[in-house]
Amino acid sequence: NAGVTQTPKFQVLKTGQSMTLQCAQDMNHEYMSWYRQDPGMGLRLIHYSVGAGITDQGEVPNGYNVSRSTTEDFPLRLLSAAPSQTSVYFCASSRGTVTDTQYFGPGTRLTVL
Amino acid sequence: GEDVEQSLFLSVREGDSSVINCTYTDSSSTYLYWYKQEPGAGLQLLTYIFSNMDMKQDQRLTVLLNKKDKHLSLRIADTQTGDSAIYFCAESGGGTSYGKLTFGQGTILTVHP
């Protein structure tokens with residue numbers, strides 16, 4: 001298993017540009033989520049999904065959209081990038097049972113100029 | 001909302017024990033986790049504890065939970081230079097919120113030879 005994969009690893013955008021961060025898992029996990037990591041603030045939940053076709057907002061959803069058309073993929077879209085979205089983004093997945101654990105991808109480092 | 005607090009830095013000598021502390025505010029927290037993040041990498045689950053437990057031991061790792069004080073600690077015995085990393089405490093509730101983790105800011109552990 002490749003586990004949780006994220007692309008790209010690094011990205012630089014200009015203010016106002018749009019892009020999609022990709023996340024995929026091959027473990028047939030129902031639960032997937034996106035976090036952002038900022039210095040001194042830990043990780044904060046952006047959006048999550050409990051299965052294909054179902055998404056919901058986390059703690060910091062503004063400026064981000066998600067969709068879950070398949071179990072494997074959970075892309076994160078930035079429609080109009082802002083410097084405040086400069087961060088490291090992590091995708092995570094789990095089977096979705098109460099005793100299960102989340103597996104994290106390697107992260108995408110995004111800089112918005 | 002939920003809040004998780006950690007001290008930001010800890011420095012120890014190789015071979016000593018490290019104790020990383022965490023406090024949380026959500027009394028309905030059901031699961032508490034410790035994650036490790038090495039430079040440039042994603043998060044790796046180290047261990048977790050259910051809220052109805054006081055202690056959990058896993059090789060060099062000991063987790064203590066004081067539910068009354070909402071205090072969680074991670075003790076690493078015989079700390080090695082390879083243990084240098086950022087350690088995150090995280091909590092989640094039960095039921096439908098089990099996968100929505102709230103993270104602390106992270107503790108940077110530095111191990112000196």
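Given the structure is predicted, the values throughout are model-derived calculations rather than measurements. Values below: all heavy atoms of this structure, side chains included; hydrogens, waters and symmetry mates excluded.
Proximity to chain A is limited to the side chain of B:Gln37, based on heavy atoms less than 4.5 angstrom apart. For chain B, the nearby part of A:Gln37 is the side chain; its heavy atoms alone come within less than 4.5 Å. For a residue to count as touching a neighbouring chain, one of its non-hydrogen atoms must lie under 4.5 Å from one of that chain's; by this rule B:Leu45 touches chain A with the side chain only.
Two rings, from A:Phe104 and A:Tyr35, have their centers less than 6.0 Å apart. Between B:Phe103 and B:Tyr35, the distance separating the two ring centers is shorter than 6.0 angstrom.
Between B:Leu72 and the choices B:Ile49, B:Ile20, B:Asn66, B:Leu64, the side-chain contact (heavy atoms from CB on, under 4.5 Å) rule is met once, by B:Ile49.
In this structure, the side chains of B:Ser18 and B:Arg60 stay at 4.5 Å or more apart for every pair of heavy atoms.
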